[in-house]
2 protein chains.
Amino acid sequence: MEKGGKLFHPGLSLDCVIFGFHDNQLKVLLLKMEHTDHWALPGGFVYKDETLEAAATRVLQERTGINDIFLQQFHVFGDPARSDRKYHSNRLKKLGIEAEKDHWLLNRFITVGFYALVEFSHVTPTPDNTSVACEWQHLHNIGNLFMDHRQILGKALETLRQQLNYQPIGYKLLPDKFTMPELQTLYETILGKKLDRRNFQRRMNSYGILRRLKETRKGGAHKAPYLYSFNLRKYQQALLEGLQGGW
Amino acid sequence: MEKGGKLFHPGLSLDCVIFGFHDNQLKVLLLKMEHTDHWALPGGFVYKDETLEAAATRVLQERTGINDIFLQQFHVFGDPARSDRKYHSNRLKKLGIEAEKDHWLLNRFITVGFYALVEFSHVTPTPDNTSVACEWQHLHNIGNLFMDHRQILGKALETLRQQLNYQPIGYKLLPDKFTMPELQTLYETILGKKLDRRNFQRRMNSYGILRRLKETRKGGAHKAPYLYSFNLRKYQQALLEGLQGGW
DNA sequence: TTTCATTGCGTCGTTATGACACAATGATAA
DNA sequence: TTATCATTGTGTCATAACGACGCAATGAAA
């Protein structure tokens, strides 16, 4: 906190939108802030000799426990008015740090937005030293967000939608074995619209990127759907050209 | 040069890839650097109270003379090794500025890449104070580029390709009146592949975003092609959904 | 006046798409 | 044990879109 000015690249931060999929819902990992009902995206600063990607990877490792994480830079947020200097100066005061006017945290910050795709069950949510909790929240039921984090989240989702045919989004978000309805719900959530069940299945199968397993998912009421897994080699090859047809 | 440290956001720059279309070729506006055969993307720094977009707009205005320019942020380049500190320290020496070790220009810089689309004939190329010339270069015949500018250009082109169905790329790059073969060549250059002339025309017409004029383009050898202009209202409406089918 | 590359418009067979029908499944309730 | 019923697997069908290609019209240059 005191040495940050010497350690970090000045006026630069990053924020991560961490997506997970569970209970047939797209979720985002958020940090609950102290003394308010506000939530924040996991973020951090960039060491002076660190790449942006390394910094993001480090932050993501700390919040999720996952080392090898899929992430993509998607936008820079640089509005001069985006910083909440009052928050930082209050926080410094509480920490007993004399908040000189030119304290490194009180300057303007540009932030680089990253989105990350993780397998929900592999994550161990871990708060950082500015937060009191780290929890998954349903994408469509998110409370008050800090600063411009709502805007950052929105842009991340928009990017996810655009890259659906070019990034291994299903592969990174779903567990090894999943059902066709689960995959479809994921697509529907990201796209924000309903898709026809039968046409979805036909198209997905036509790509040749799925392997249908002998097993079915027992346990739910009604007919047990087959389990699928990705044929990773073919998936990646198909993504190079983009999944044809689009959604 | 001396006061930059106080005026600008520290360790932050931006670089612009300015695309234009002329002589049936996609071109990029570059700056010729002094004393070398290297070229550089037009770039600049961000004032402490300026948005990134405003800074890019300012830079673009200075290099092209155009005020109302179309630009899009596309990527941040943050490799710690990307800066060429030797270049800056030499330059400072030549300018007679004592290059203290902690001179603001000698620190690590993160740069935000913007691409801009301009109507070629509206541009008045103007060098900045670090360059001896400002010229259009053919996209496929570009000389040595400074630092990581080749990589930045590559990423810009990749982004352009991805956004072809979502941004008014034809509208921003072509003059008010243009022929179908010109539009097709633009698409072919961006996509990097040949398209069937007749199918291209059919698809373009089916979008309903073009208005065929009564005039033809006389002067070239062979049959005179019709001139077209964009129906801007319909174009923009179609872009919201993305031009269907893709290329 | 002829030549010829280019342009405008159209054809044709195939494939992809959207909308929908129907039987099979399997946990739950009767 | 049997009936129920939402859900799943598979298929059909008419239409639209697509890729490949043919051919006549044009207009500057030979």
Side-chain angles (χ1 to χ4, degrees), chain A residues 23-25 164-165 170 174-175 177-189 191-229 234 238 241-247, chain B residues 23-25 164-165 170 174-175 177-189 191-231 234 238 241-247:
Chain A
D23 276 342
N24 260 345
Q25 285 222 267
L164 195 52
N165 293 314
L174 292 170
K177 300 175 182 182
F178 54 90
T179 67
M180 193 62 82
E182 284 163 5
L183 182 60
Q184 182 179 342
T185 304
L186 174 58
Y187 268 69
E188 288 179 339
T189 309
L191 294 171
K193 65 179 177 189
K194 285 280 170 197
L195 302 172
D196 182 276
R197 179 178 67 82
R198 295 151 291 189
N199 295 335
F200 179 83
Q201 184 142 347
R202 176 176 56 192
R203 180 114 124 231
M204 270 297 161
N205 283 325
S206 77
Y207 291 141
I209 61 176
L210 296 179
R211 211 189 336 255
R212 192 173 88 178
L213 308 178
K214 297 247 166 61
E215 321 162 57
T216 57
R217 163 99 79 228
K218 309 270 182 183
H222 317 303
K223 180 168 178 174
Y226 281 104
L227 287 171
Y228 289 82
S229 66
K234 289 198 176 177
E241 301 278 310
L243 297 182
Q244 289 312 307
W247 304 93
Chain B
D23 275 342
N24 260 347
Q25 285 221 269
L164 194 52
N165 292 314
L174 292 171
K177 300 175 183 180
F178 54 91
T179 67
M180 194 61 82
E182 284 164 4
L183 182 61
Q184 183 179 342
T185 304
L186 174 58
Y187 268 68
E188 288 178 339
T189 308
L191 294 171
K193 66 180 177 189
K194 285 280 169 196
L195 301 170
D196 183 276
R197 180 178 65 84
R198 293 151 291 190
N199 295 336
F200 179 84
Q201 183 142 351
R202 177 177 52 191
R203 180 115 124 232
M204 270 298 160
N205 282 326
S206 77
Y207 291 142
I209 62 176
L210 296 179
R211 210 190 336 255
R212 193 174 86 176
L213 308 179
K214 296 249 166 62
E215 318 162 58
T216 56
R217 164 98 80 229
K218 310 272 182 181
H222 316 302
K223 180 167 179 176
Y226 281 104
L227 287 170
Y228 288 82
S229 64
F230 280 101
N231 181 332
K234 289 198 176 177
E241 302 276 311
L243 297 182
Q244 289 312 306
W247 303 93

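All chains are named by letter (A, B, ...) in the order of the sequence lines, taking the proteins before the strands, and each is independently numbered beginning at 1.
- For Arg211(B) against Asn231(B), the heavy-atom pair with the smallest separation is NH2-CA, 3.9 Å.
- Residues of residues 223-230 of chain B that place a heavy atom closer than 4.0 Å to DNA chain D, in numerical order, are Lys223(B), Ala224(B).
- Distance CG/Leu227(A) to CZ/Arg212(A): 11.0 Å, rounded to 0.5 Å.
- Scanning all heavy atoms of the two residues, the minimum distance from Ala238(A) to Ile209(A) falls at CB-CG2, 4.0 Å.
- Gly170(A) and Leu186(A) get closest at one heavy-atom pair: CA-CD2, 4.0 Å.
- Across all non-hydrogen atoms, the minimal contact from Gln184(B) to Asp196(B) is NE2-C, 4.0 Å.
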Next on the checklist: Return a single string for nucleotides 15-23 of chain D, one symbol per nucleotide in 5' to 3' order, where B is base contact, S is sugar-phosphate-only contact and - is none, cutoff 4.0 angstrom on heavy atoms.
Outcome noted: ---SBBBB-

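- Of all the residues in residues 211-219 of chain B, Arg212(B) reach under 4.0 Å from DNA chain C with at least one non-hydrogen atom.
- In this structure, Leu183(A) places its CG atom 13 Å from P of dT8(D), rounding to the nearest Å.
- Taking the six-membered ring for Trp and thresholds of 30 and 60 degrees, Phe230(B) and Phe178(B) have ring planes inclined between 30 and 60 degrees apart.
- dT7(D) atom C1' lies 16 Å from atom CZ of Phe200(A), rounded to whole Å.
- For the pair Asn205(B)/Met180(B), a side-chain contact is recorded, criterion being any heavy-atom separation below 4.5 Å from C-beta on.
- Closest of all the heavy-atom pairs between Leu183(A) and Leu174(A) is CD1-CD1, 3.5 Å.
- When all heavy atoms are compared, the tightest approach of Gly242(B) to Gln244(B) is O-NE2, 2.9 Å.
- Nucleotide dG8(C) holds its P atom 11 Å from the CD atom of Glu182(B), rounded to whole Å.
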